[in-house]
Protein chains: 2
Amino acid sequence: MTNQSQLCPKFEKAMSILSKRWTGLVVYQLLRGSQRFCEIEASIGISGRLLSDRLKHLENEGMVKRDVYPETPIRIEYSLTEKGRALEPLMNELEQWSKTWIDEKEAVQR
Amino acid sequence: MTNQSQLCPKFEKAMSILSKRWTGLVVYQLLRGSQRFCEIEASIGISGRLLSDRLKHLENEGMVKRDVYPETPIRIEYSLTEKGRALEPLMNELEQWSKTWIDEKEAVQR
DNA sequence: TTAATTAATTACTTTTCGTAAGTAAGTATA
DNA sequence: TATACTTACTTACGAAAAGTAATTAATTAA
């Protein structure tokens, strides 16, 4: 099959961001408002090692902003940029889809 | 931080499907209509080994249907079920987002 | 008999993930 | 002064997943 790819490079890039594990959940969680490292860590169950990596990645993509408050102990708040917040409609779509098409039994256990 | 996860298990499951590499692109490609193995392989640039794995996975999730036509050479058509097609609005959202927020330079190169 | 085609699968290497422990900075407590 | 505490990371390392390439099975044509 010699078919060339017809995929839009921008779309492909967008999908590559979303299809990296944890990244979508971090964005979803930050849609609730700015949060600190340990809050995100606890809320989605990611390890510190990977959360650190994903936040850096999202910062590089211009989707997340990092604010340092030199209190004691230090407080660092992460929040979405406009680019990040623009994924809200997509997240709502995914919520709707999951409510309609995923049943309790196959959902993630905790 | 002792915070419990507030994530909806259904949403978490949905996100885990989408955040597995290639899965989203396979669904996106099949939204164009039923296709055979080698067509999908060529169009999104996935290896046969992983495409085989992802199609099985999507079949198990009830999102993809596999039809065998015992011609010569054998033809096997993959298509989306209703559950799979229901992701079309989300894919449209991601397309829009990528057009607005990803610029040429950072897009996937080919 | 050899080759061709499609849809996989197997073997092997590289990359990423997950867990746990360690570090740095800045207090607070004994 | 020494020790402990808190947050936000980083490092080390074994396990799992991904990437590449070669191989297989079924069928048929040259």
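Nothing here was measured: the structure is a model prediction, and the numbers come from that model.
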Selected nucleotide, minimal atom distance to [X] side chain, candidates [options]:
X       : options               : answer
A:Ser47 : C:dG18, C:dT19, D:dC9 : C:dT19
A:Ile76 : D:dT10, D:dA8, D:dG19 : D:dA8
A:Lys20 : C:dC17, D:dT10, C:dT9 : C:dC17

Distance, rounded to the nearest Å, where [X] contributes [atom1] and [N] contributes [atom2]:
X       : N      : atom1 : atom2 : result
B:Leu55 : C:dT9  : CG    : P     : 11 Å
A:Arg66 : D:dT7  : CZ    : P     : 16 Å
A:Gln35 : D:dT7  : CD    : C1'   : 16 Å
A:Glu77 : D:dC9  : CD    : P     : 12 Å
B:Arg21 : C:dT16 : CZ    : C1'   : 11 Å
A:Leu50 : C:dA20 : CG    : C1'   : 13 Å
A:Leu51 : D:dT7  : CG    : P     : 14 Å
A:Leu25 : C:dG18 : CG    : P     : 12 Å

Phosphate oxygens OP1/OP2 of [N]: is one of them under 4.0 Å from a side-chain N or O of [X]?
X       : N      : answer
A:Arg75 : D:dT6  : no
A:Arg36 : D:dA8  : yes
A:Trp22 : C:dG18 : yes

Give me the one residue out of A:Glu82, A:Lys10, A:Lys13 that meets side-chain contact (heavy atoms from CB on, under 4.5 Å) with B:Trp101.
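Exactly one pass, corresponding to A:Glu82.
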Using Watson-Crick and G-U wobble pairs whose two distances are both under 3.5 Å, how do you write the pairing of DNA chain C as dot-bracket, with | for links to another strand?
||||||||||||||||||||||||||||||
Nearest nucleotide by nearest heavy atom, which residue falls closer to the 5' end of DNA chain C, B:Gly48 or A:Ile46?
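So the residue in question is B:Gly48.
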N/O contacts under 3.5 Å, protein versus nucleotides 13-15 of chain C?
none

For A:Tyr78 and A:Glu39, test the side chains for any donor-to-acceptor distance below 3.5 angstrom and give the result as yes or no.
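Note: A:Tyr78 and A:Glu39 side chains miss the donor-acceptor criterion.
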Show me the protein contacts with nucleotides 21-27 of chain D, counting only N or O atoms at under 3.5 Å.
unit_1: D:dT27; atom_1: O3'; unit_2: B:Thr72; atom_2: OG1; d: 3.3

